[in-house]
2 protein chains.
Amino acid sequence: MLVEQEIPVAASTLTEVARLAGVSPATASRVLNGSARKPGPGVSERVRQAAATLGYIPNAQAQALAKSSSGLVGLIVHDIADPYFSAIARGVQEVAREQHKMVLLATTGGTPADEKEAVAAFAARRADAIVIAGSRSSRPEDANGNAELAAELDRYCRNGGHVGVVGQPVVGAGALEGYHLVEVPNEQLAAALAGKLAASHSGDFVIIGGPEGLITSDDRIRGFQSGLAAAGRPAAEVLRASFNRAGGYEAGLQLAQRIRNARTGEAARGGAKPNLCIFAANDVMAIGAAAALRSQGFKVPRDALIAGFDDIETLRDFRPGLSTVRLPLEEIGRLATLSTLGSGSGGEDGHHDGGPVVTGQVTLRRSTEWTP
Amino acid sequence: MLVEQEIPVAASTLTEVARLAGVSPATASRVLNGSARKPGPGVSERVRQAAATLGYIPNAQAQALAKSSSGLVGLIVHDIADPYFSAIARGVQEVAREQHKMVLLATTGGTPADEKEAVAAFAARRADAIVIAGSRSSRPEDANGNAELAAELDRYCRNGGHVGVVGQPVVGAGALEGYHLVEVPNEQLAAALAGKLAASHSGDFVIIGGPEGLITSDDRIRGFQSGLAAAGRPAAEVLRASFNRAGGYEAGLQLAQRIRNARTGEAARGGAKPNLCIFAANDVMAIGAAAALRSQGFKVPRDALIAGFDDIETLRDFRPGLSTVRLPLEEIGRLATLSTLGSGSGGEDGHHDGGPVVTGQVTLRRSTEWTP
DNA sequence: GACTTTCGGGAAAGCGCTTGCCATCCCCGG
DNA sequence: CCGGGGATGGCAAGCGCTTTCCCGAAAGTC
């Protein structure tokens with residue numbers, strides 16, 4: 001018996017389904033959306049049938065309003081096209097999907113003011129959780145913005161929201177229930193990297209870092225320096241540039257000039273071991289620096305060694321292979337999201353929990369390997 | 001006169017604001033959220049004041065429900081961590097931001113069934129627009145899924161939604177009002193690339209394509225072949241692999257074997273021009289293939305030329321520079337989004353409009369440049 | 001067999017906001 | 001001086017769904 005498929009011009013509502021099934025909206029709601037109460041099998045069948053016929057799609061907004069939980073996860077990144085963030089985003093997205101939630105995306109360029117705004121927007125949408133990736137800033141001029149961001153987050157948490165922060169705590173945020181942190185051991189890893197590099201490189205070190213106050217960058221720099229110190233080496237000079245390829249390139253040009261000067265001074269003897277090892281605070285900067293060196297006629301690792309941080313996937317095919325620290329970015333995204341959703345119980349004492357442990361791995365490749 | 005900042009434990013509602021301001025919720029609504037009617041200045045001031053005191057954040061869900069428009073833009077991609085998609089996502093995000101909308105992200109791996117589900121979810125959330133990036137599939141086994149996807153999209157459009165599709169039309173989708181397409185001239189560009197390559201390369205061509213039925217890939221292959229034909233060259237052999245780095249790598253290994261065989265056969269004479277030019281249907285595959293060749297001891301462009309498609313930003317530092325076709329991905333994302341939002345009027349005749357014009361640019365670099 | 005428990009279903013009260021409509025009030029021309 | 005028109009504010013009816021009661025009936029308990 002073929003039933004005429006009704007193709008409604010407008011989205012049909014629960015009430016219509018209920019009417020068609022000859023039950024009350026309450027019952028229809030109970031059968032179609034998991035409720036504690038399970039209506040009888042006969043009724044259920046009728047309702048489901050009616051829903052199918054009408055092509056019923058529940059109005060998520062209305063549901064959210066009624067049960068004040070939206071099934072939304074907010075994700076805040078600096079720039080979704082940056083491979084660092086898109087890798088994290090993939091992790092977040094995966095978990096969200098598993099948990100039948102949708103992710104709401106906001107990109108802020110790292111400006112605390114924008115981040116605050118994004119949090120507010122997420123709060124307005126009653127997002128169940130917010131994941132903030134991307135370095136916090138400790139710059140004085142951002143102090144204000146940070147404070148507002150922290151306040152906004154606090155309020156969000158106080159209203160029952162959960163926030164997962166990747167990397168380091170939001171400056172000034174309280175130790176609230178619902179506030180989770182996925183700590184990334186930038187400092188230790190950078191120290192470990194420095195140690196390894198110091199073992200094989202006897203010359204100078206120089207660091208290309210992001211702008212002062214970018215915590216991730218600062219942590220990595222500090223870690224690298226302490227690693228150097230532990231190896232009995234003098235502290236490295238730090239060049240500041242913007243935390244992206246362009247910044248790396250710019251700094252790379254400076255360094256090229258410097259190498260050139262050194263060379264002419266020392267009467268170019270062939271086969272000399274490169275005298276400089278560059279540590280860029282992230283892979284993208286490292287690539288930029290490498291490009292700059294190349295543009296000036298220098299080769300890595302022949303004329304300078306170079307290492308980065310993150311082990312961005314797309315960059316693994318870069319030649320010479322970039323020495324770096326592998327960070328499980330996708331996993332980090334997953335963990336940050338899970339900490340806010342999955343373990344509604346996981347951290348019953350919850351607030352500011354030590355959080356899941358993330359480890360990275362120093363990965364040495366050709367870019368820091370001098371071969372005679 | 002310092003007023004004690006009231007810090008409400010729960011998010012405050014419009015009604016509370018109204019009460020504090022001594023007006024009706026209607027009025028409060030009118031002043032706080034752009035309404036056609038502008039209440040008097042005195043009242044407005046009081047309401048705004050009250051809202052500030054209470055730290056009022058409108059409940060977007062409720063607003064959406066009441067005015068059935070959510071301020072949401074749905075974005076469907078295969079994989080957000082793929083630089084191709086993340087570049088597009090950036091464009092989408094930008095426009096959304098400009099228009100004070102938020103983007104809702106869904107990743108589907110390209111499965112029509114998942115895409116359909118994503119569309120349904122977006123529809124449930126009453127997204128104002130949906131942008132679908134990522135190749136459609138014309139494979140027979142996806143026909144079913146495609147049909148369902150098309151149906152879901154149709155229904156969404158019929159309910160007043162706007163959808164913007166990147167690349168090629170959804171197979172089987174009707175020519176509906178609210179259905180926009182940003183066409184990417186994959187075929188022409190691939191042909192142009194083939195032409196340029198044919199001009200400088202006299203040997204064989206081989207194509208590494210995605211799985212058969214992936215329209216983007218197929219278009220590029222077809223274009224390349226026709227470009228070859230136009231240059232009086234025989235059609236190239238097509239190797240099929242998955243549309244990502246791994247696929248490229250795999251195919252690259254096969255080709256390496258082939259090159260090796262050819263070499264031993266022809267009694268290795270040094271300095272021979274590479275006999276093979278590889279066209280990979282996208283940059284990531286090209287990189288994979290290049291890595292495979294390298295792993296087998298071959299060098300690009302010494303032993304084989306190679307070209308890709310997309311001009312992924314992160315890959316521009318790859319050495320040797322990868323010949324490719326530059327696609328303005330971010331712009332494509334922007335256009336797709338704008339077509340659904342900005343020009344609510346732009347295409348008043350609207351449906352299936354020719355859409356904005358996207359052009360790419362053949363970009364030759366070292367990877368296809370044989371130097372003696 | 002009379003009583004307390006379930007249990008399946010419905011009525012209705014919201015969730016927080018927008019908006020059509022009505023009641024005022026003021027300003028102005030006649 | 002009075003009536004009409006244009007502002008301006010409030011009332012109340014939803015938007016579509018969930019959920020708390022409540023009620024009748026079926027099922028258990030001595």
Side-chain angles (χ1 to χ4, degrees), chain A residues 8 10-48 50-51 54-72 121 123-128 159-160, chain B residues 8 10-48 50-51 54-72 121 123-128 159-160:
Chain A
S12 43
T13 72
L14 221 214
T15 315
E16 287 164 24
V17 173
R19 185 166 343 140
L20 179 56
V23 300
S24 79
T27 305
S29 167
R30 288 195 266 254
V31 28
L32 292 179
N33 312 52
S35 157
R37 287 180 47 177
K38 293 281 159 213
V43 180
S44 296
E45 191 43 44
R46 274 217 317 285
V47 172
R48 245 181 283 278
L54 259 37
Y56 169 70
I57 297 182
N59 183 325
Q61 311 275 7
Q63 291 190 148
L65 182 56
K67 54 179 160 182
S68 50
S69 144
S70 58
L72 253 27
R125 294 230 140 72
R126 299 298 181 266
D128 297 341
N159 285 344
Chain B
S12 43
T13 73
L14 221 215
T15 314
E16 287 166 24
V17 172
R19 186 169 337 141
L20 180 56
V23 300
S24 79
T27 305
S29 168
R30 288 196 265 254
V31 26
L32 292 179
N33 313 54
S35 157
R37 287 180 49 178
K38 294 281 161 213
V43 180
S44 296
E45 191 43 44
R46 275 218 315 286
V47 172
R48 245 181 282 279
L54 258 38
Y56 169 69
I57 297 182
N59 183 325
Q61 311 276 6
Q63 291 189 149
L65 182 56
K67 54 178 160 184
S68 51
S69 146
S70 58
L72 253 26
R125 294 228 140 72
R126 298 298 183 269
D128 297 340
N159 285 346

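The chains referred to below are lettered A, B, ... by the order of the sequence lines, with proteins before strands, and numbering in each begins at 1.
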### Spacing of A:Arg125 atom CZ relative to C:dC17 atom C1', expressed in whole Å
14 Å
### Query
Expressed in angstrom and rounded to an integer, what is the separation of A:Glu16 atom CD from D:dC15 atom P?
11 Å
### Distance, rounded to the nearest Å, where A:Ile57 contributes CD1 and D:dC17 contributes C1'
15 Å
### Query
Given side chains that start at C-beta, do those of A:Pro58 and A:Asn33 come closer than 4.5 Å, heavy atoms only?
yes
### Task
In sequence, state the C-alpha distance, the side-chain angles, and the governing distance for B:Val23 and B:Arg30, and then conclude on side-chain contact (heavy atoms from CB on, under 4.5 Å).
CA-CA 11 Å; B:Val23 300; B:Arg30 288 196 265 254; over 6 Å; no
### Task
Would you indicate which nucleotide in D:dT18, C:dC17, C:dG16 comes nearest to any side-chain atom of A:Leu65?
C:dG16
### Message
Does C:dC15 have OP1 or OP2 under 4.0 Å away from a side-chain N or O of B:Asn59?
### Response
no
### Query
Rounding to a whole Å, what distance do you find between A:Leu14:CG and D:dG16:P?
11 Å
### Summary
Between CG of A:Asn33 and C1' of D:dG16 the distance, given in whole Å, is 11 Å
### Residues A:Asn59, B:Arg126; criterion side-chain contact (heavy atoms from CB on, under 4.5 Å); working and verdict
CA-CA 7 Å; A:Asn59 183 325; B:Arg126 298 298 183 269; 3.6 Å; yes
### Task
Output, in order, the C-alpha distance, side-chain angles, deciding distance and verdict of side-chain contact (heavy atoms from CB on, under 4.5 Å) for A:Leu65 and A:Gln61.
CA-CA 6 Å; A:Leu65 182 56; A:Gln61 311 275 7; over 6 Å; no
### Query
Where the side chain of B:Val43 is concerned, which of D:dG16, D:dG9, D:dT18 is the nearest nucleotide?
D:dG9
## Note on the structure
Closest to the 5' end of DNA chain D, once A:Ala66 and B:Pro41 are matched to their nearest nucleotides, is B:Pro41
### Query
What does B:Ser68 touch in the nucleic acid at a heavy-atom separation under 4.0 angstrom: a base, only the sugar-phosphate, or nothing?
nothing
### Message
How close do B:Ser12 and B:Leu54 get, counting heavy atoms only, and between which atoms?
### Response
OG-O, 3.3 Å
### Nucleotide D:dT18, atom C1' - distance to CD of A:Gln61 in whole Å
16 Å
### Message
Between A:Val43 and A:Val31, does the side-chain contact (heavy atoms from CB on, under 4.5 Å) criterion hold? Intermediate values first, please.
### Response
CA-CA 8 Å; A:Val43 180; A:Val31 28; 5.5 Å; no
### Query
To the nearest Å, how far apart are B:Gln63 CD and C:dT19 C1'?
13 Å
### Query
How long is the line joining NZ of B:Lys38 and P of C:dT19, in whole Å?
12 Å
### Message
Between B:Arg46 (side chain only) and B:Ala21 (backbone N and O only), is there a donor and an acceptor less than 3.5 Å apart?
### Response
yes
### Message
Which residues in residues 21-31 of chain A have a heavy atom closer than 4.0 Å to any atom of DNA chain C?
### Response
A:Val23, A:Ser24, A:Ala26, A:Thr27, A:Arg30
